[in-house]
2 protein chains.
Amino acid sequence: MITIRDVAKQAGVSVATVSRVLNNASCSETARLAVESAVQNLGYSPNANAQALALQNTDTLGVVVTDVTDPFFAILVKSVDQVAHEYGKTILIGIGYHNAEKERNAIETLLRKRCSCLVVHSKALTDQELINYLEQAKGMVIINRCIAGYEHRCVSLDNQRGTFLATELLIKLGHRKIGYIGSNHQINDEVERKQGYLTALQQYGLPVIENTSVQNSPDFEGGEAAMIDLLSYHSDLTAVVTYNDSMAAGALSVLTENNINVPRQFSLIGFDDMPIASHLVPKLSTIRYPIDLMATYASKLALSLINENIETPIHTQFNPTVVRRFSTDSCYQR
Amino acid sequence: MITIRDVAKQAGVSVATVSRVLNNASCSETARLAVESAVQNLGYSPNANAQALALQNTDTLGVVVTDVTDPFFAILVKSVDQVAHEYGKTILIGIGYHNAEKERNAIETLLRKRCSCLVVHSKALTDQELINYLEQAKGMVIINRCIAGYEHRCVSLDNQRGTFLATELLIKLGHRKIGYIGSNHQINDEVERKQGYLTALQQYGLPVIENTSVQNSPDFEGGEAAMIDLLSYHSDLTAVVTYNDSMAAGALSVLTENNINVPRQFSLIGFDDMPIASHLVPKLSTIRYPIDLMATYASKLALSLINENIETPIHTQFNPTVVRRFSTDSCYQR
DNA sequence: CTGTTAGCGCATTCAT
DNA sequence: ATGAATGCGCTAACAG
C-alpha cells in the first residue's frame, strides 16, 4: 500500500506538507501542484483508519437495523445514507436479525469502529442495556422506541394511535365485526398496535369477540395464515386491521382466492404505508408510518449530538396518519 | 475514550499482556482473570481503527450496490453479510444510486477504509475503470457483470439465456404474439435480456412485430405504464415477457384492472424471482436469478482472494431457470 | 509467561 | 510556508 511518505518523497516535500494540501490548509501553489501530481501518479488514497486514529474521530455513521430485506428498514437505511452523504459521512450497517445477542454484537462492532454517530433500531435489548450504550456513546440515537429519561435521543411514533385510527375508520364505515391480525414477535410494537385496536372498539362501544385477534409472523405468509384462521373462526367478519402492510397483502391474497371481494364484501387496512400498499389490487388503505422522515430526523439529531456546528433539528413529533385508498369501504351485510 | 493502557494499569500488567489475553495468545490464568475483570470494569472496547492500522488489515468486507431499497440488492447485501459473519467480518456498504460519480465515490470510500474485500455491483462505470480498481484491490470481486480478462473475479448470470427461456416457455404454450417490456436504463442487462427475447422469436420462426417492445423504468410504475402502452398498440397480444418482477407486477395490475384475466386470457412472465413474484395473484411465473447464491459465492471468492487459508470456492456457473407458477398458460384465441 | 519498544499512516504542534 | 517530531491505540518482535 502506498502511503503519505511515498507521496512526500515523490513530490519532494515533507509529509506535513502533503497532509496540508490534502486537507486544504495553507501552502504554496508550487507545493500544491507537486503534491497533487504525485498523488495522481501514485494513485494514493489516504488510509481512513490512520486518519481516524490521528483525528480521534471518524466520518462514519452507524446504523443498526433488524433486516435489510424488509422494505421498512431498507427505507430507513437509505434515508440515513442520504443525510450522511449530505454531511460528507459514510454509513456502517449492523444487522440484528431479531436477536438480542446479534443486536448487541452489531452495536458493539459499530462502537469498536468508533462511529461518531449511531442510529439504532433495537427491539430485543432491554431499556437498561440500551441506556448503558446511550451513556457510552454520546452520538447515539434510538429510533422506533422511546426510552424514559432519554426522550430527547429517541424518535418514535405512536403505534397505538395508528391502529386506533385504522380501527376507527372501519367503524365509521359501519363495520361492527372487525378482526385484528397481529405479529407473533414478542415486541412492544405488537402490544401497542393491538391496544389501539382494542381501545377503538371499546371507545365506540363495540364488544370484543372471541377469536377475532390472531397472530402470526409479520410477513406475507403470516398474513395469509392469519386470514385463513380468521375465516375459519368467523363467517361474519366484515373487516380486518393488520399489523403491517405485508400481512395485509397476504390477507388480501387469501380473500381474493376465496372470492371475497375487497372492498365490496370485506374491508382491509394495513400499517406502515410501504410501497407494496399502493401496488396491490385494490390499492391498500393503510396507516402511514413516516419512517423516511423519522430516519432523516434521527440522523440529523445524531449528527448534532457530536458536532455543535450542526444545529439540533427542531424536535418534531411524528404522527401516524390514515391513507385511505381502495381496500376499505362501507360495511355491507354479509 | 478508554484505551488498552488504562486496562493495563488497572489490571497491573503491561499492554502487551492485555493484548495477548484479548487475542487469546498464551498467558497465565492470573493475568487473564485480572485483565478480563479490568475490561469489564472499565467497559473497554478495542479501537478497531488502531487495530486495523497495526495489523495492516481490517475485518471489513465492503459491498457496493445500486439501491438498498431494491429487494434484489437487499438480498445481495444480506447474503454478503451472512458470509461475513461466518468469517468474523463486518460489512461496509456503499450505495451507487445508478450514477457513475457516486459508484466511483462508493468504491473509493471503501478503499480508503481499507476493506480487505470488496463485492461490487457496478453498472455505470466502464470496464477500464473497474479494471483499474481490480488491479488496485486484490480482494475485489465484481458481481452481475463479466469483464474480459477477469472472469475468475466476476460472477454473473447469462441474462440472455434467461429471457430466451422465458420467451420459449410462452412459445411452447402456443403464444404467437408476445410482447416485451424492458428497462429504460442504459445498462447491459437490458440489451442482453431483450436480445434473449428476440433470439427466441427468431429461433422459433416468429416475426418481430412493430411496437411489441416497450421500455420504461424498471419498477412497478414503469411496468404499469409499459403495459398500458402495449395494450394501446395491440389488441391481439397474448403474452408478455418482462425485464423484471416489479415490472411484471405493474403490468399484472393493469391487466387485472382492465378485466383481462391472467393467465386465462393473457400470460405474463417476470425475471429475478423476487419474493413479490409469489405474492401476486396469480403467483407469477418468472426466471429465477439466484442472487443469494451468487452473492454468497462472490463473498467467499473475495475472502479467498486475500486469505490463502480460505479456499477458493469451486467455480460455479450460475444459470437462470424457469419457475413456472400461475401467470402463464396455453394461448387462448383472443 | 511477561514487559519494553518499535512501528502502522496520518495530523498537528512547534520551530524555523 | 514548511519540516521535524510527537502521539493517536494497538500488535508483534524481541529480550528477559
Side-chain angles (χ1 to χ4, degrees), chain A residues 1-36 38-39 42-60 88 108-116 136-137 306, chain B residues 1-36 38-39 42-60 88 90 108-116 136 306:
Chain A
M1 208 69 258
I2 118 147
T3 76
I4 197 173
R5 238 176 278 276
D6 303 316
V7 176
K9 191 172 300 175
Q10 170 141 155
V13 299
S14 72
V15 297
T17 302
V18 177
S19 175
R20 286 194 192 95
V21 344
L22 261 34
N23 296 300
N24 301 312
S26 65
C27 63
S28 68
E29 198 55 24
T30 12
R32 155 155 280 115
L33 260 38
V35 170
E36 278 169 355
V39 165
L42 270 34
Y44 169 70
S45 120
N47 183 323
N49 297 305
Q51 287 182 314
L53 195 56
L55 292 170
Q56 288 291 79
N57 177 29
T58 65
D59 63 345
T60 319
E108 289 185 353
T109 300
L110 264 22
L111 252 26
R112 275 192 293 106
K113 304 224 175 211
R114 299 295 185 264
C115 289
S116 50
Q136 189 179 150
I306 53 118
Chain B
M1 208 70 257
I2 118 150
T3 78
I4 197 173
R5 239 177 278 276
D6 302 316
V7 177
K9 191 173 301 175
Q10 170 140 155
V13 298
S14 73
V15 296
T17 301
V18 176
S19 176
R20 285 193 193 96
V21 345
L22 261 33
N23 297 299
N24 301 312
S26 64
C27 64
S28 68
E29 198 54 25
T30 10
R32 155 155 281 114
L33 260 39
V35 170
E36 278 170 355
V39 166
L42 269 35
Y44 170 69
S45 119
N47 184 323
N49 297 305
Q51 288 181 314
L53 196 55
L55 291 170
Q56 287 292 79
N57 177 29
T58 65
D59 63 345
T60 319
T90 55
E108 289 184 354
T109 300
L110 264 22
L111 253 25
R112 275 190 294 105
K113 304 225 176 212
R114 300 295 186 262
C115 288
S116 50
Q136 191 180 147
I306 54 116

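All chains are named by letter (A, B, ...) in the order of the sequence lines, taking the proteins before the strands, and each is independently numbered beginning at 1. Quick caveat, the model's predicted, so the values are computed rather than measured.
- Note on A:N49: nothing from the nucleic acid sits closer than 4.0 angstrom, heavy atoms only.
- Atoms CE and CD, on B:M1 and A:Q56 in that order, are 9.5 Å from each other to the nearest 0.5 Å.
- Residues satisfying the side-chain contact (heavy atoms from CB on, under 4.5 Å) test with A:L111, not counting sequence neighbours, are A:I107, A:L118, A:Y133, A:Q136, A:A137.
- Computed from coordinates, the A:R114 CZ to D:dC10 C1' distance equals 11 Å when rounded to whole Å.
- Taking atom CD of A:Q56 as the reference point, atom P of D:dC8 lies 8 Å away to the nearest angstrom.
- Annotation: the terminal axes of the helix from C:dC1-D:dG16 to C:dT16-D:dA1 meet at 40°, where each axis is the rotation carrying the C1' atoms of four end pairs onto the next four (5 pairs per end, rounded to 10°).
- Summarising the geometry, the separation between CD on B:Q51 and C1' on D:dG9 is reported as 9 Å, rounded to the nearest angstrom.
- Contact check of residues 3-19 of chain A against DNA chain D (heavy atom, cut-off under 4.0 Å) returns A:V13, A:S14, A:A16, A:T17.
- Nearer the 5' end of DNA chain D, as judged by each residue's closest nucleotide, is the contact made by B:A48, out of B:R20 and B:A48.
- The CE atom of B:M1 sits 14 Å away from the C1' atom of D:dC10 (whole-angstrom rounding).
- If you measure from atom NZ of A:K113 to atom P of D:dC8, you get 22 Å, rounded to the nearest angstrom.
- Put simply, chain A comes within 4.0 Å of DNA chain C, heavy atom to any atom, from C:dG9 to C:dT13, going 5' to 3'.
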Would you be so kind as to tabulate the donor-acceptor pairs closer than 3.5 Å made by side chains of residues 2-11 of chain A, with sequence neighbours excluded?
| residue | atom | partner | partner atom | Å |
| --- | --- | --- | --- | --- |
| A:T3 | OG1 | A:R5 | N | 3.1 |
| A:D6 | OD2 | A:T3 | N | 2.7 |
| A:Q10 | OE1 | A:N41 | ND2 | 3.2 |

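- With contacts defined as side-chain heavy-atom distances shorter than 4.5 Å, the pair B:R20/B:S28 does not qualify.
- For the segment residues 24-35 of chain A, the set of residues with a heavy atom within less than 4.0 Å of an atom of DNA chain D comprises A:S26, A:C27, A:S28, A:A31, in numerical order.
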